[in-house]
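Quick notes on the structure that follows.
Every chain is numbered from 1, with letters handed out A, B, ... down the list of sequences. None of the values given here were measured: they were computed from a predicted structure.
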Amino acid sequence: MELSKNFEPQAIENKWYQQWLDKGYFKSVPDERDAYTIVMPPPNVTGVLHMGHALNNTIQDILIRRARMEGKNACWVPGTDHASIATEAKVVGMLRERGITKSSLSREEFLSYAWEWKEKYGGIILQQLKKLGFSLDWDRTSFTMDKDYYASVIKVFVQLHDKGIIYRGKRMINWDTKALTALSDEEVIRKETKQKLYHLQYAIDGSDEKITIATVRPETIMGDSAIAVHPDDERYKHLHGKFAIVPLIDRLIPIITDDYVTMDFGTGALKVTPAHDMNDNMLGQKHGLEVIDIFNDDGTLGEAAQIYIGLDRFAARKKIVIELEEKNYLIKTEEYTSEVGYSERTDTVVEPRLSLQWWLSMKEISKPALKDVMEEEIKFYPAKFKNLYRHWMENIKDWCISRQLWWGHRIPAWYDGEGNYVVAETKEEAIEKFAEKNIKVNPENIKQDEDCLDTWFSSWLWPFEVFKGYSDPGNKEVKYYYPTNTLVTAPEIIFFWVARMIMAGEEFMKEKPFDAVYFTGIVRDKLGRKMSKSLGNSPDLLGLIGQYGADAVRFGVMISSPAGNDILFDEAALEQGRNFNNKMWNALKLVKMWEGRKANSNEPLANSFALQWFENRLNEVKKEVASMMQQFRLSEALKTIYSLIWDDFCSWYLEWVKPGFEQPIDAGIYKKTTEFFTELMQLLHPFMPFVTEEIYHLLDERNDDLCVKQLAETAAVDEALLQKGSLLKNIISGLRDIRNKQQLKPKETIELFIDAENKGVYDGIENLLSKQVNANSISFTNATVADAISAVIGKDKFYIKTEKPIDTANQKQDLEKELIHLKGFLTSVEKKLGNEKFVANAKPEVLALEQKKKADAETKIKVIEESLAAL
RNA sequence: GGGAGUUUAGCUCAGUUGGUUUAGAGCAUCUGCCUUACAAGCAGAGGGUCACAGGUUCGAGCCCUGUAACUCCCACCA
């Protein structure tokens, strides 16, 4: 069979993925093996595949494929999140394009559009994930609004309400004036924003005096309920208990004192607007102030504002500033920068306002979850996120879980129209509950809450509810798969999701949801900028897969992704992956070329060192990789395998066993070589599944699939043999360097003389040495060889005779350089050994090592000095 | 304002309880090679007072103190 010049990923990716699916390798059912379970963080149904998904899921696939090859029952569960607010925004946008407004639709009509949208676009991202070869158990695909899942979310709400953990309350919330919904604190992004600090004069009632306050929100003065000053502030002491007059609307407000006020900020006088500021609200409660909400839901000014009614808050600000200035209330404007909260979804400035919402009390429910992580029942990789987690958990606030949206799980609260409500799964149950409370209701008047739940109130159940652990407690599946093994996710959602999953796991399963959390970095461009639509630096992933191949993309994101660090994405890494594919492909071509030329040679031992050395090297790396995988050092594991294949296998081993041009290869060596190749492919397979599967099948067409080939036990490593290999490689490189410096062409042969300290070291490697440095003879000697280039490598002295005249100057320079280095080194070692305290305190093995270093350096110096003298 | 992290070669990073050369890798660079698997390649080389200043120690990239720069998280100074 003729193999193509280069590896062609496009030709084989679909073939293998289809075969893996057809053979059901990714399917998992409980059995007697150990489970290895990962639930995929469900992407939003609005999502399209981007680098973050590629990174995140490649890591999961590596862990899952490795576990599968280790003989575990690997189960990786896919799914999508309904993404309440994000999806609703998309659907509203789609409707707008069709000329339909949400307000013109009934809830049912809107939801049918939303479902239509979800059916059409919601599965795209999962289809895209298949292109990267991810070994997900597709039969288990879940959705946070599947019928059963939906029912569980409702049940959870009722259960927590009955337990008193969920309550309804009017409190300050973050209001999104565009999406027209409340947001949780986590959905508010604080950004430094340039603003203006306006100094406004309020007249004092019954006096000619004025008091000046500073504010960044002059449009809220109509909502003012007081002016607060510090009780000890001498400037204002005479005003305590007096009233000020709000400009433009001439309302009287009291001047109150509170030590919350900072005397040296602004003017030391603060306008208090309890309806539109978290702190002012706190002050308002303390002092029993009136709450005047001057805004409509959409951020325009309402009736209560009295002026500029219907105008947007920012437009109103401009107009009011002009009016205040005209009427001499504005006396100063300062540039001022502070943090302003923006909605994560709509990027509009969040309006703090008092609102009746549903809340989840976090205090008790968070305790076991904090313990899990602090006591390492759940291990975080990297561990630094433990601190972050602890800090958040210890300062946790109640979670606002209601959203004024339709796309999501509708809150199971029922109102009788008379100001009473109950929480129940169905209307029927609600009627019963009303009855229990002795509230007479007319079933016709009972209305369900219009709001739905925060998206995260459903996804926090994900690790067990994908196995129906809540709806069908103790079922076979949840018992087998839960707790899951590893969660792989971005640190950005540690509070949104990770923390809450742990709480839900402990609350509903009485058990942690996973053993370990691996936090990936954020994918940035090569300049370190976050990937974003506006910067246009987000690469077209499907395009890159087409261009470089899925394996190269997987290689590229993994090689530049050390655990816990952000990854700087650079297409060069993909090129490296593609080149790696070709390297392996070409090695395969070489081996396949030998296939027809096998012969039983009488002298297979001639090459036995190469075999033994590589076998040990392979075992050594297998052990290293196993240990790195355990510690989630995936990037390092990949680098190690890469170097094993490229350097040790291709550059050294294959060159050592390679027969001469058109010469036969020993059958035993051929067999061993294909075995090594197979093991390499197996080791690499979790990282690069397609190319390895393809090569594996081409190595031997009788092979079953690599995807499910079980890893064998690793044999012990012979250190001495590895050391001998290193020595041989050093000598070869050293002699090649000399050949380079003497400008010897590859074809020009040399005669090699070795003045060896111990000739035995060269047993079994002489022929490899002569082959690799193109020597037509090797002799051992104890005398100086005339007219030869000399070099010291290791502890031995080498003489090279060639046809060409020797460049002595060059050689002398090299030796002298080496001598200076060695002498410097020797001095440092001697200094150490001359230090009594070192000799007294250092561990014996350290001392012995230093003594050995000294002796070695001394011999080398001696040998080099001899060589120099002979020049 | 509080907290965490980072700072090692041109770039991206290893460096695991302080002791294996006078600090390693990949990429990039330079030199020589179209050598019969691979020029998307081969062979070789150069490149770092480990951010800075002190300290502890026989010995510090690693431990301690301080400084600087950058990054991230949290927080109610209008």
Hey, does [X] reach any base, or is it just sugar-phosphate, or nothing, if we go heavy atoms under 4.0 Å?
X	answer
A/Glu836	nothing
A/Leu568	sugar-phosphate
A/Asn740	base
A/Glu655	base
A/Val829	nothing
A/Asn581	nothing

Pair partner, [N] [Watson-Crick or wobble, under 3.5 Å]:
N	value
B/rC63	B/rG55
B/rC42	B/rG32
B/rC70	B/rG5
B/rU16	none
B/rG47	none
B/rG10	B/rC27

Please give, in whole Å, the distance from [N] [atom2] to [X] [atom1]?
X	N	atom1	atom2	result
A/Phe632	B/rU16	CZ	P	21 Å
A/Lys771	B/rU36	NZ	P	16 Å
A/Glu624	B/rA25	CD	C1'	13 Å
A/Trp646	B/rC42	CH2	C1'	11 Å
A/Glu339	B/rG1	CD	C1'	11 Å
A/Lys745	B/rG32	NZ	P	10 Å

Checklist entry - After noting the C-alpha distance and the side-chain angles of A/Arg524 and A/Asp570, does the key distance pass the salt bridge (charged side-chain N to carboxylate O under 4.0 Å, His left out) rule? => result CA-CA 9 Å; A/Arg524 299 170 180 279; A/Asp570 187 348; over 6 Å; no
Answer yes or no: does a side-chain N or O of [X] lie under 4.0 Å from OP1 or OP2 of [N]?
X	N	result
A/Trp594	B/rU36	no
A/Arg190	B/rC76	yes
A/Tyr389	B/rC74	no
A/Ser651	B/rA43	yes
A/Arg736	B/rC33	no
A/Ser828	B/rU22	yes
A/Ser733	B/rG44	yes
A/Lys852	B/rG19	no

Carboxylate-amine/guanidinium proximity below 4.0 Å for [X] and [Y]:
X	Y	answer
A/Arg190	A/Glu339	no
A/Lys860	A/Glu818	yes
A/Lys853	A/Glu850	yes

Checklist entry - Got a donor-acceptor pair under 3.5 Å from the side chain of A/Gln576 to the base of B/rA28? => result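 For A/Gln576, whose side chain was compared with the base of B/rA28, there is no donor-acceptor pair (under 3.5 Å).
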Checklist entry - Is it true that the NZ or CZ of A/Lys386 lies under 6.0 Å from the centre of A/Phe380's six-membered ring and within 45 degrees of the ring axis? => result no
How far, in whole Å, is [M] from [N] if one measures between their [atom1] atoms?
N	M	atom1	answer
B/rA68	B/rU22	P	35 Å
B/rG47	B/rG2	C1'	42 Å
B/rU57	B/rG18	P	16 Å
B/rU17	B/rC13	C1'	23 Å

Give every donor-acceptor pair under 3.5 Å between a side-chain atom in residues 268-285 of chain A and any protein atom, sequence neighbours left out.
unit_1	atom_1	unit_2	atom_2	d
A/Lys271	NZ	A/Thr220	OG1	2.6
A/Lys271	NZ	A/Asp224	OD1	2.7
A/Lys271	NZ	A/Thr273	OG1	2.8
A/Thr273	OG1	A/Asp224	OD1	2.9
A/His276	NE2	A/Asp293	OD1	3.4
A/His276	NE2	A/Ile294	N	3.0
A/Asp277	OD1	A/Asn279	N	2.8
A/Asp277	OD1	A/Asp280	N	3.2
A/Asn279	ND2	A/Tyr260	OH	3.4
A/Asp280	OD2	A/Thr273	N	2.7
A/Asn281	OD1	A/Gln285	NE2	3.4
A/Asn281	ND2	A/Pro274	O	2.9

With the side chain of [X] defined as its heavy atoms from C-beta on, choose the nearest nucleotide among [options].
X	options	value
A/Asn586	B/rA4, B/rA37, B/rC77	B/rA37
A/Val216	B/rU36, B/rA78, B/rA37	B/rA78
A/Arg578	B/rA37, B/rA40, B/rG44	B/rA40
A/Asn841	B/rA40, B/rC58, B/rC42	B/rC58
A/Lys658	B/rA37, B/rC13, B/rA78	B/rA37
A/Asp647	B/rG44, B/rA40, B/rG26	B/rG26
A/Asn835	B/rC38, B/rC77, B/rC58	B/rC58
A/Phe661	B/rC27, B/rC38, B/rU36	B/rU36
A/Val846	B/rC77, B/rU22, B/rG19	B/rG19
A/Pro746	B/rC77, B/rG19, B/rC33	B/rC33

Checklist entry - Quick one, which residues of residues 274-285 of chain A touch RNA chain B with a heavy atom under 4.0 Å? => result A/Asn279
Could you tell me whether [X] and [Y] have their ring centroids closer than 6.0 angstrom?
X	Y	result
A/Tyr642	A/Phe555	yes
A/Tyr381	A/Phe519	no
A/Trp594	A/Tyr670	no

Next on the checklist: Walk me through whether A/Asp258 and A/His230 qualify under side chain to side chain donor-acceptor pair (under 3.5 Å).
Outcome noted: CA-CA 5 Å; A/Asp258 196 297; A/His230 196 279; over 6 Å; no
